[in-house]
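Reminder, nothing fancy here: chain letters follow the sequence lines and each chain counts from 1.
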Amino acid sequence: MAIIAKDGYVDIVRDKVENFHGNQVVYVSWDDHLLFCAAQAFPLPPQMPFQALVSDVMSSVFNWHDDFEKVNWSQVLWNLDGEAFEPDMAKSLAENGVAHKSLIRFKTPGLTGINGTRI
Amino acid sequence: MAAKKLNLRKRYELLTRGMGWDTTYQKMDDVFPYDSFEGIKITDWDKWEDPFRLTMDAYWKFQAEKEKKLYAIIDSFAQNNGQTNLVDASYLSAIKLFITGVTPLEYGAHQGFAFLGRHFRGEGARVACQMQAIDELRHAQTQIHTISHYNKHFTGLHDPFYQFDRVWYLSVPKSFIEDAQSSGPFEFITSISFAFEYVLTNMLFVPFMSGAAYNGDMATTTFGFSAQSDESRHMTLGLEIIKFMLEQHEDNLPIIQRWIDKHFWRAYRLLALVSAMQDYMLTNSPMSWKEAWEIYFVENGGALFEDLGRYGLKMPKHHELATAEADHLSHQVWSVFCALGSATGFHTFEPSDEKMDWLSEKYPDTFDKYYRPRFEHWKKQKKEGTFKYMESLPQLCQVCQIPMVFTEVQTDPMQLSFRSTEFKGDKYNFCSDGCKDIFEHEPEKYTQAWLPVHQIFQGNCGGATIPEVREWYKFAPEDGSDYFDSQDYRRWQEWHGKDEPAKTGSND
Amino acid sequence: MSGKKNTAFLIFQDNEDARPIIEAVEQDNPGVNIQYQPGMVRLERAGSLIVKRETVEELIGREWDVQEMHLVLISLAGNVDEDDDKFELSWG
């Protein structure tokens, strides 16, 4: 429903992808690890290989949690924008369907936070 | 024969009505161009009744009296180094957040009411708004005087207005007041006078003013109580405007209900920052957020909406979720401030053992199970020297702009709440159905949101790293991070003798 | 709708100016519950609460304007009805 305004309204999309200098915004959240209070946000090139997201970006951030070094990547369950998905690690984010402001969630069966508290 | 004395109502009517007039050589709609576009229908402005019948002379008299008392106390506080009587300097994180977050809201409210004081067609409503515009400016002034004193002795208070326009957690109150200010006059007054200053005012007041009294902060107690005496008038204005609009035309009901749903939710989300203050930043908490919510929203708000039910008005949408969140809110928000402690202008600290016992008692179903482990983990790391602050940035909600720390409290409290929608080919993310509803009703209003994390990614905030952003925020090196590593803590030790036992956090 | 009446309340600063008003409320409102908290006093009662000018004047020994209450009022709950002789809050 359109905004009710007196003399028309502005049309500003402050976070359109063109404003991010070749990057798009991607959010990543680790299920059952609420030590990370919210999903983490990253500006990433859409052509970045999915493997690089895991090896370079996620490893430098999610290693804040002791569980990270124990992750068995072959068993990780992935979710993209609310749907279960199997990323092709060799392909780019864009080719995997990761769009601007997409949310990636990963779940690590058997690893559920500090003493299994999901923290 | 003694002259018959007019009663208050009649006197007020004679003094204030008839001062307005219908213009003849300009169209009324041109003189008052803003009070019809929202769709609110007012058939008779003369039906407006001021519950507090204050004439200008009475207003000035009472306000002057309040000012004299207030500044005498603030002077005395300054001369006697009243800040040394605080229970603990770590308490001031609450005041730093209040002053950087709320003082600019007072100023924004002043601007908003000044606008209404010109643009409401009815003169009674205009006068009430003019008085409130002056009240809000007064509140900003009293708070600025308090800032001035505390700024001499403590960190984090040197650039509040500059920081309000830039700092990540301050975009929460900024976007709140600007949402109201960029609405039409009837929505503005529904948002500020009713949703914020009536329905939810006590959720702000109890932690800050009562909290200040419990923690030896006479300056805040003083400006707080002084402001609160104005708030009673504001509250009553808020209630009266709702009743007036509902009584004027039945077509107003759905518009008002929607505004109440929206602004209750926006104000409630804003108050999440206050919940963390109430339960964690106050050294001595007069009551928990959950207790205050039960008294001031569930009971008091319930009574209010029961009373307004005769007009067809219902409790605000998503209020049950807000009540369910009361067990979780403060813990979730304080967690993210602690995790991102190198990016705040106020000091953070893990709760002391004593505070955690209090939290266990006040939150028997949730604190020990969901939240104690994270604070104990960080405390242990700080003791071992392995702790470091988070350096990556959180996902923010497009509407409330808070990091999306909220969870599905009604079904799975350890599951983050993710909501999203698409508009003109772009995705938008929200913390809740409440925020999503607000976006979907007026998407163009929120696609322009200045989200701090995205602005950092766009290169508009001084750089890509937290230290660069801190500099752009004008955070001094001594602002933020752990209270126990801070200049505030060291000074406090000096003032009170080095062997003064610490009252909070990592030191135990 | 239940027979239970909703709570009307007044909260005053805990100082000398408010003291006679609090005493007057206590006299004129059977069943009022008074809670002393740091810096403030909360008076609550089911359904309604009234401050009467006459009662306050008897206590302080001078003429009193109901609007003087503004100086010490912190918060309230209920629909307001104010005139020269009283300030009343009520629900329903």
Side-chain angles (χ1 to χ4, degrees), chain A residues 1-21 23-44 57-58 60-66 79 81-82 98-103 105 112-119, chain B residues 33-34 37-39 184 187 255 332-333 335-336 338-340 369-371 373-374 376-378 388 390-396 398 402-407 414-416 418 420 423-424 426-429 431 440-445 447-451 453-460 464:
Chain A
M1 191 177 151
I3 189 166
I4 291 170
K6 189 174 174 300
D7 298 311
Y9 203 75
V10 294
D11 184 14
I12 298 172
V13 178
R14 218 170 289 272
D15 292 330
K16 59 186 178 189
V17 72
E18 292 83 2
N19 294 346
F20 289 86
H21 312 292
N23 290 323
Q24 63 182 16
V25 178
V26 179
Y27 307 106
V28 183
S29 178
W30 190 357
D31 281 6
D32 307 318
H33 286 78
L34 239 58
L35 196 68
F36 300 97
C37 307
Q40 301 303 300
F42 306 100
L44 303 172
V57 180
M58 286 167 62
S60 66
V61 164
F62 289 99
N63 65 351
W64 202 57
H65 198 295
D66 293 339
N79 182 299
D81 293 328
V98 178
H100 181 47
K101 293 195 265 171
S102 273
L103 170 68
R105 287 166 57 183
T112 48
I114 300 167
N115 297 328
T117 57
R118 299 169 74 193
I119 288 169
Chain B
Y34 292 103
F37 80 89
E38 295 170 278
E187 184 175 351
I255 301 174
Q332 292 173 345
V333 174
S335 294
V336 77
C338 285
L340 285 167
K369 189 170 172 190
Y370 303 119
Y371 303 107
R374 28 186 128 175
E376 286 183 338
H377 177 71
W378 289 326
K388 57 175 186 142
M390 281 226 76
E391 282 157 8
S392 51
L393 301 178
Q395 181 180 34
L396 303 181
Q398 185 75 29
I402 299 175
M404 286 170 48
V405 300
F406 309 107
T407 59
M414 293 306 270
Q415 172 59 58
L416 287 171
F418 295 112
S420 66
F423 179 70
K424 292 190 176 170
D426 264 311
K427 294 187 208 294
Y428 294 92
N429 298 291
C431 67
E440 288 187 325
H441 185 61
E442 297 174 296
E444 298 91 343
K445 196 161 196 192
T447 61
Q448 62 180 316
W450 193 95
L451 294 177
V453 169
H454 293 175
Q455 289 298 313
I456 290 170
F457 291 166
Q458 290 181 29
N460 296 332

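Of the atoms belonging to A/Ser60, not a single heavy atom falls under 4.5 Å from chain B. Of the atoms belonging to B/Phe423, not a single heavy atom falls under 4.5 Å from chain A. In this structure, chain A has no heavy atom under 4.5 Å from any part of B/Glu391. Heavy-atom distances place both the backbone and the side chain of B/His454 under 4.5 Å from chain A. Residue contact with chain A, scored on non-hydrogen atoms closer than 4.5 Å, involves the side chain of B/Lys424 exclusively. Contact of B/Trp450 with chain A is made through backbone and side chain together, with heavy-atom distances under 4.5 Å. Neither the backbone nor the side chain of A/Asp7 comes within contact range of chain B; no heavy atom of the residue lies under 4.5 Å from a heavy atom of that chain. When heavy atoms are compared at a cutoff of 4.5 Å, A/Ile119 approaches chain B by way of both its backbone and its side chain. In this structure, chain B has a heavy atom under 4.5 Å from the side chain of A/Val25, while its backbone stays farther away. Using a 4.5 Å cut-off between heavy atoms, B/Gln455 touches chain A through its side chain atoms alone. Contact of A/His100 with chain B is made through backbone and side chain together, with heavy-atom distances under 4.5 Å. Proximity to chain A is absent for every atom of B/Ser420, based on heavy atoms less than 4.5 angstrom apart. At a 4.5 Å heavy-atom cutoff, A/Asn115 makes no contact with chain B through either its backbone or its side chain. Looking at B/Val453, the atoms closer than 4.5 Å to chain A (heavy atoms on both sides) all sit in the side chain, from C-beta outward. Of the two parts of B/Ala449, only the backbone, made up of N, CA, C and O, holds a non-hydrogen atom closer than 4.5 Å to a non-hydrogen atom of chain A.
Note that CH2 of A/Trp30 and CG of B/Leu416 are 14.0 Å apart. Values are rounded to the nearest 0.5 Å. Put simply, CZ on A/Arg14 and OG1 on B/Thr447 are 9.0 Å apart, with the number rounded to the nearest 0.5 Å. A distance of 6.0 Å separates NE2 of B/His441 from CD1 of A/Ile4, quoted to the nearest 0.5 Å. Separating the CD atom in B/Gln415 from the CG atom in A/Asp31 is a distance of 5.5 Å, to the nearest 0.5 Å. One finds the CD1 atom of A/Ile114 at 9.0 Å from the CZ atom of B/Arg374 (value rounded to the nearest 0.5 Å). Here the CD atom belonging to B/Glu442 is positioned 7.5 Å from the OH atom belonging to A/Tyr9, to the nearest 0.5 angstrom.
Chain A forms more heavy-atom pairs under 4.5 Å with one residue of B/Lys369, B/Glu187, B/Lys388 than with any other, namely B/Lys388. Ranked by heavy-atom pairs under 4.5 Å with chain B, the first of A/Val10, A/Val61, A/Asp15 is A/Asp15. The candidate from B/Gly39, B/Ala464, B/Cys431, B/Pro33 with the greatest count of non-hydrogen atom pairs under 4.5 Å with chain A is B/Pro33.
Taking the side chain to side chain donor-acceptor pair (under 3.5 Å) definition, one finds that B/Gln332 meets it with B/Tyr371, B/Thr407, sequence neighbours left out. Residues satisfying the salt bridge (Lys or Arg N to Asp or Glu O under 4.0 Å) test with B/Glu376, not counting sequence neighbours, are B/Arg372.
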Given the rule in the side chain to side chain contact (heavy atoms under 4.5 Å, CB included) test, do A/Asn19 and B/Phe457 qualify, once you have shown the distances and angles that lead to the verdict?
CA-CA 9 Å; A/Asn19 294 346; B/Phe457 291 166; over 6 Å; no
How far apart are the C-alpha atoms of B/Met414 and A/Asp32, what are their side-chain angles, what is the distance that settles it, and do they pass the side chain to side chain contact (heavy atoms under 4.5 Å, CB included) test?
CA-CA 7 Å; B/Met414 293 306 270; A/Asp32 307 318; 5.7 Å; no
For A/Ser29 and B/Phe418, what are the C-alpha separation, side-chain angles and deciding distance, and is it a side chain to side chain contact (heavy atoms under 4.5 Å, CB included)?
CA-CA 10 Å; A/Ser29 178; B/Phe418 295 112; 3.8 Å; yes
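The side-chain heavy atoms of A/Leu103 and B/Met404, taken from C-beta on, include no pair separated by under 4.5 Å.
Of all non-hydrogen atoms in A/Ala41 and B/Pro394, the two that sit nearest each other are CB-O, 4.0 Å. Residues B/Phe37 and A/Lys6 approach most closely at CD1-N, 3.7 Å, considering heavy atoms.
A cation-pi arrangement, defined by a distance under 6.0 Å to the six-membered ring centre and an angle within 45 degrees of its axis, is present between A/Lys101 and B/Tyr428.
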